[in-house]
A.B. asks: 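Here it is: the structure, laid out below.
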Amino acid sequence: RHGKCIYQPYLGCREFPAYFELVEPSAPPPETADIQWEDFGWMLYDVFDLSKIGTNTDPARISLFQPVIRSGVMEIPPYESPDVYKLEMEGKA
């Protein structure tokens, strides 16, 4: 609500910052990009297991997803979705 975040969000890696703004539920929908459909291939979702509270000693757990833009809106599945591919790291549970 106040525009505060610990880190600037980014799309896959920090070289691609994501700019955002709060949209109140009662507000009209924001303008969308003039992209009707685009497939971006695999994109990094996260490097931690978001299904549990972690510690600073937990191994990395890479997850990927395939973002698609439809009518100017990028659809990002929730972490629990089968559309988010979770890589098992070799030698790790």
Side-chain angles (χ1 to χ4, degrees):
R1 181 162 300 280
H2 293 96
K4 297 178 182 179
C5 55
I6 295 173
Y7 300 104
Q8 170 69 47
Y10 51 90
L11 302 171
C13 60
R14 293 181 187 195
E15 287 79 7
F16 303 105
Y19 300 100
F20 62 96
E21 65 183 270
L22 176 67
V23 177
E24 296 290 348
S26 60
E31 280 189 42
T32 59
D34 190 24
I35 301 172
Q36 292 307 306
W37 189 89
E38 185 75 31
D39 182 355
F40 290 91
W42 289 102
M43 186 179 280
L44 179 66
Y45 195 98
D46 212 308
V47 294
F48 300 104
D49 184 350
L50 300 180
S51 66
K52 63 181 181 134
I53 297 174
T55 68
N56 62 352
T57 59
D58 286 349
R61 174 123 190 240
I62 305 295
S63 52
L64 306 168
F65 73 108
Q66 289 187 293
V68 173
I69 287 186
R70 289 189 178 94
S71 300
V73 176
M74 181 181 283
E75 298 174 6
I76 301 173
Y79 184 77
E80 303 79 27
S81 168
D83 294 332
V84 177
Y85 180 71
K86 287 109 177 156
L87 280 76
E88 293 295 329
M89 305 304 283
E90 190 172 315
K92 304 290 181 188

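Keep in mind that this is a model prediction, so the values were computed, not measured. The figures here come from the full heavy-atom set of this structure, side chains too, leaving out hydrogens, waters and symmetry mates.
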A.B. asks: So, taking the atom named CZ in Phe48 and the one named CD1 in Ile53, what distance separates them when rounded to the nearest 0.5 Å?
C.D. replies: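 With rounding to 0.5 Å, CZ (Phe48) is 14.5 Å from CD1 (Ile53).
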A.B. asks: Of the non-hydrogen atoms in Gln8 and Ala18, which two are nearest, and what is the gap between them?
C.D. replies: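 Closest approach of Gln8 to Ala18, heavy atoms only: NE2-O, 2.6 Å.
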A.B. asks: If hydrophobic clusters are built by linking Ile, Leu, Val, Met, Phe, Trp and Tyr wherever their side-chain heavy atoms come under 4.5 Å apart, do Tyr10 and Ile76 end up in the same one?
C.D. replies: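 Tyr10 and Ile76: separate clusters.
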A.B. asks: Quick one: closest heavy-atom pair of Pro67 and Gly41, and the distance?
C.D. replies: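 Smallest interatomic distance, heavy atoms only, reads CD-O, 3.1 Å.
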A.B. asks: Cluster partners of Tyr7, using ILVMFWY side-chain heavy atoms under 4.5 angstrom, listed by chain and number?
C.D. replies: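 Via sub-4.5 Å side-chain contacts, Tyr7 links to Ile6.
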A.B. asks: Restricting to pairs with a member in residues 72-82, which pass salt bridge (charged side-chain N to carboxylate O under 4.0 Å, His left out), not counting sequence neighbours?
C.D. replies: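 Every salt bridge (charged side-chain N to carboxylate O under 4.0 Å, His left out) pair that includes a residue of residues 72-82, provided the two are not neighbours, is Arg70-Glu75.
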A.B. asks: Determine the minimum heavy-atom distance between Val23 and Pro28, stating which atoms define it.
C.D. replies: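 What the structure gives for the nearest pair is CG1-O, 4.4 Å.
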A.B. asks: In Å, rounded to the nearest 0.5 Å, how long is the span from CG of Asp46 to CG of Leu64?
C.D. replies: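 These two atoms lie 10.5 Å from each other.
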A.B. asks: Which atoms form the tightest heavy-atom contact between Ser81 and Lys86, and what is the distance?
C.D. replies: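 That would be O-NZ, 3.6 Å.
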A.B. asks: Any sub-3.5 Å donor-acceptor pair from Gln66's side-chain atoms to Phe40's backbone N or O?
C.D. replies: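 No, because the side chain of Gln66 does not come within donor-acceptor range (under 3.5 Å) of the backbone of Phe40.
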A.B. asks: So, taking the atom named CE in Met43 and the one named CE in Met74, what distance separates them when rounded to the nearest 0.5 Å?
C.D. replies: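 If I round to the nearest 0.5 Å, the distance is 4.5 Å.
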A.B. asks: Could you give all pairs that pass the ring-ring contact (aromatic ring centres under 6.0 Å, His included) test and reach residues 59-80, with sequence neighbours left out?
C.D. replies: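 Every pair satisfying ring-ring contact (aromatic ring centres under 6.0 Å, His included) with a residue in residues 59-80: Tyr45-Phe65, Tyr45-Tyr79.
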A.B. asks: Please find the pair of heavy atoms, one from Pro78 and one from Val84, that lie closest to each other, and give the distance.
C.D. replies: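 Looks like O-CG2, 3.3 Å.
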